[in-house]
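Letters A, B, ... are given to chains in the order of the sequence lines, protein chains preceding strands, and every chain is numbered from 1. From a predicted model like this one, the values you see are computed outputs, not experimental measurements.
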Amino acid sequence: MVETDSEGRDKKVTRRQFARGFVLAALAAATGSLLSFLKLLAPSKKGGGYVATVAAGDRLVYAGGNRQGSLLKASEFKAGDAVLVYPEGKSGNEANLVQLIRLEESEFKAPTRKELTDQGFVAYSAICTHLGCIVGWIKDKKDPEASYIECPCHNSIFNPEQGARVMGGPAPIPLAQIGVKVSADGTLVFTSGFSGPIGPQV
Amino acid sequence: MIAKWFDERLDLKKFKEKFLNKAFPAHPTFLFGEIALFSFITLVITGIFLGLFYEPSTGQVSLFGAMVPAAYASVVKIDLLPMGVIIRRIHHWSAMIMIAAIIAHLARVYFTSAYRKPREINWLIGLSLLAVTLGAAFTGYLLPYSQFSVTATSIAYYIAKSVPWAGDWISRLLFNGEFPAHGTVPRFFFLHVMLIPIGLITLIGAHLLVLVKQKHTEPKANSKRKAAQGGRRLIGIPVWPEQSYISVSLFFFLLFVVVLMATYIPLNPIERYGPPSPVTPVMRPDWYFLPIYGFLKLIPGDLSFTLLGSKITPEAIGGVFFPGILALILVAIPFLDRASSPQNYIENPLHRPFMTSSGIAGAMLLFMTTVSGYIDVLHIAPASMAIYVVVVTAAAWVVSYLLLRLYSRAAKKGEHVKS
Ligand code: HEM
Ligand code: FES
């Protein structure tokens, strides 16, 4: 007996329905096979992102300017001075970029980690924790202690005397601190890695 | 002679009857779309010139004794060609004019309610054109690989990465790895000179086909004249010859203005910005990205929360949700403000208090978020600026709404007296 629907028509699949179903199935299969393509188009993480390689014992060198790559001398800095530095031999990696600042040792307050400072030198990651621009030093000529770190991109402000605490703007967390000390020959060396996460927190 | 030869083979007469006799409304605000189209043509021509010299690579090469990325070096060399810097500036100025013209065109369609049935399709195509054009400008901005390009693209990379749930994958897909990856410039180059132009040409073609099929909207004042003429044709001037004369003169006049600007107003002087280096200059994006840039400055850093297992960061709020919501509103407009039957006349914006004041408030929001991009030079705290943005936008809505209500009531009374 042939099955029929309520109006008495054959319930068999018509040629047209079959053809339509066939085309749809083929389309779905082809689309599905293309999905793997999307994975190919987005290379997996390999050595990207901000992965710092700076380590205790690295010496500090200028990151830019006409003395780029040469060693820093502690005697060249007064309270209120600041400069961007790299660990010697590791300047290819922007994650290693550090904002070095000299202030008065007595001005440091929590949450600055005083054991990571020396003779007023304090150092923070120079990569803004908002969207990754390189921070700048806004120097107050009259009152060095009123100087601050500001990101030129969206004006996040960090307080160098308080562990680079966020004083304003969109940055979600402070810049990570890194230990520095003045060595016997007057050059500067790192004494630790970064104390926290660096770069954009996305 | 030649025309006859082709006519015998291609039946050009029929084509002329069908397309070249089409009526075009003789009103200057109907020209914004044409300005966008002509800017695109200029972009293609100058872009082909640039593409013949540009090198999409970040490999280091020597330029005047310094090691710089090859892309940067090739653009510096373009600037040194005879007329090279002018052509680069024409390209960049045309990009700005194209975007400005699309926005003006969109505003014209919005305020006259020309997006209503049956023109929803072209409203959506128009919005896609705006989005893809912004994509063209964004991918083009990276190509010179100057300190500016790299900083701007890096910011966009982290915004893409902050997209909730899929950000990690989306950012690697768009930027071909984690920026700055070596693959980013080649991928952006291909997008910029190949995929995006093809997409734009396709969208423009679809836009124009739908337009030819549906015809323009026209002022209500035409309705009586139209009825007298039998009501089928739109009142206006034919595409050939009248409108074509206007269009061609418009194209050359536009070219004149752009060349003049390119000659005298420097734009994106990459020699001054220099190749990528470990300092970020104070930088602002081109004007069309300023609202997003300004909005990013207003979001306080501690404003983050978790939604369905994904962290929503301030970056995502400013860079993803703000433009995303604006885009959704634009997409939704023709489906919220509907006409029950096909509408071929434009509305007078003065008689639509709600829609017109909403449009004014939207424009004010974009203006105020643009101003927020300058809080560092204006010395305004982000929190107070956020309040100004809300207050001014709301005030713009209320004031324009009340004025328009008063106006339409007065206009109605006037009609009453007359009749
Ligand atoms: C077929 C079309 C196009 C081609 C072949 C093309 C080609 C190029 C090339 C080779 C560059 C790099 C050289 C340079 O930076 O000066 C460039 C830059 C650029 N393009 Fe295009 N482009 C096209 C369309 C567009 C469109 C539609 C827009 C935007 C609406 C656009 C916006 C830009 C911008 C903003 C730059 C940066 C210019 C600068 O350095 O000042 N381009 N384009
Ligand atoms: S990147 Fe530093 S404030 Fe946005």
Side-chain angles (χ1 to χ4, degrees), chain A residues 37-51 61-65 68 83-86 91-99 126-138 150-158 165-174 199-202, chain B residues 147 151-152 154-164 167-181 183 187 276-285 293-304 311 313-319 372-377 381-383:
Chain A
F37 220 52
L38 287 180
K39 192 152 166 48
L40 189 74
L41 287 176
S44 60
K45 305 184 180 207
K46 237 179 269 146
Y50 283 115
V51 183
V61 298
Y62 287 94
Q68 185 173 356
V83 69
L84 288 171
V85 298
Y86 269 126
S91 60
N93 179 358
E94 203 172 82
N96 289 334
L97 193 62
V98 165
Q99 175 79 68
I127 313 294
C128 182
T129 53
H130 181 224
L131 289 168
C133 292
I134 295 159
V135 298
W137 179 241
I138 309 297
E150 179 170 357
C151 177
C153 285
H154 313 98
N155 315 111
S156 287
I157 293 170
F158 305 91
R165 194 163 71 83
V166 182
M167 304 297 285
I173 59 166
Q201 300 303 301
V202 292
Chain B
Q147 171 63 24
T151 307
S154 167
I155 290 179
Y157 167 73
Y158 286 107
I159 291 177
K161 202 169 166 188
S162 77
V163 172
D168 194 48
W169 180 77
I170 290 177
S171 60
R172 277 183 285 121
L173 177 71
L174 289 177
F175 296 80
N176 196 4
E178 298 201 12
F179 190 76
R187 180 158 295 183
S277 70
V279 226
T280 301
V282 176
M283 57 166 295
R284 283 173 236 284
Y293 165 80
F295 199 83
L296 277 170
K297 290 194 176 191
L298 298 182
I299 317 275
D302 42 19
L303 187 72
S304 67
K311 200 167 152 227
T313 59
E315 295 87 337
I317 296 170
S372 311
Y374 292 85
I375 51 176
D376 51 326
V377 286

Visitor: With a 4.5 Å cut-off on side-chain heavy atoms, are B:Ser154 and A:Leu131 touching?
Guide: no
Visitor: Can you tell me how far apart NE2 (A:His154) and CD1 (B:Ile375) are? Round to the nearest 0.5 Å.
Guide: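 One gets 10.0 Å once the value is rounded to the nearest 0.5 Å.
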Visitor: Minimum heavy-atom separation for A:Ala42 and B:Trp169, please, with both atom names.
Guide: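 Between these two residues, the closest heavy atoms are CB-NE1, 3.7 Å.
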Visitor: What's the shortest heavy-atom distance between A:Gln201 and B:Lys311, and which atoms?
Guide: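 Scanning both residues, the minimum pair turns out to be O-NZ, 4.5 Å.
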Visitor: Sort A:Leu41 into side chain, backbone, both or neither according to what part of it lies under 4.5 angstrom from a heavy atom of chain B.
Guide: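 It is both, since atoms from each part get that close.
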Visitor: Looking only at non-hydrogen atoms, find the nearest pair between A:Cys133 and B:Ile155 and report the distance.
Guide: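 Minimum heavy-atom separation between A:Cys133 and B:Ile155: SG-CD1, 3.6 Å.
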Visitor: Quick one: what part of A:Ser156 sits under 4.5 Å from any heavy atom of chain B, side chain, backbone, both or neither?
Guide: neither
Visitor: Could you look at B:Arg187 and say if it's the side chain, the backbone, both or neither that has a heavy atom under 4.5 Å from chain A?
Guide: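 For B:Arg187, side-chain heavy atoms alone lie under 4.5 Å from chain A.
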Visitor: Please find the pair of heavy atoms, one from B:Gly177 and one from A:Pro43, that lie closest to each other, and give the distance.
Guide: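 Where B:Gly177 meets A:Pro43 most closely, the heavy atoms are N-CD, 3.6 Å.
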Visitor: Report the distance from atom CG of A:Asn155 to atom CG of B:Leu296, rounding to the nearest 0.5 Å.
Guide: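 Result: 11.5 Å between the selected atoms.
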Visitor: Does any backbone or side-chain atom of B:Pro278 lie under 4.5 Å from a heavy atom of chain A? Answer side chain, backbone, both or neither.
Guide: both
Visitor: So which atom in B:Lys297 and which in A:Pro170 form the shortest heavy-atom distance, rounded to 0.1 Å?
Guide: O-CD, 4.4 Å
Visitor: Working to the nearest 0.5 Å, report the span between CG of B:Asp302 and CD1 of A:Ile173.
Guide: 12.5 Å
Visitor: In terms of heavy-atom proximity below 4.5 Å to chain B, should A:Ala171 be classed as side chain, backbone, both, or neither?
Guide: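 When you check distances to chain B, only backbone atoms of A:Ala171 fall under 4.5 Å.
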Visitor: Working to the nearest 0.5 angstrom, can you tell me the gap between B:Ser277 OG and A:Ile134 CD1?
Guide: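 Rounded to the nearest 0.5 Å, the OG-CD1 separation comes out at 7.0 Å.
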Visitor: Measure B:Phe175 against the heavy atoms of chain A and call it side chain, backbone, both or neither at under 4.5 Å.
Guide: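 Answer is neither: B:Phe175 stays 4.5 Å or more from chain A.
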Visitor: When only pairs under 4.5 Å are counted, which of B:Asn176, B:Thr313, B:Ile170 shares the most heavy-atom pairs with chain A?
Guide: B:Asn176
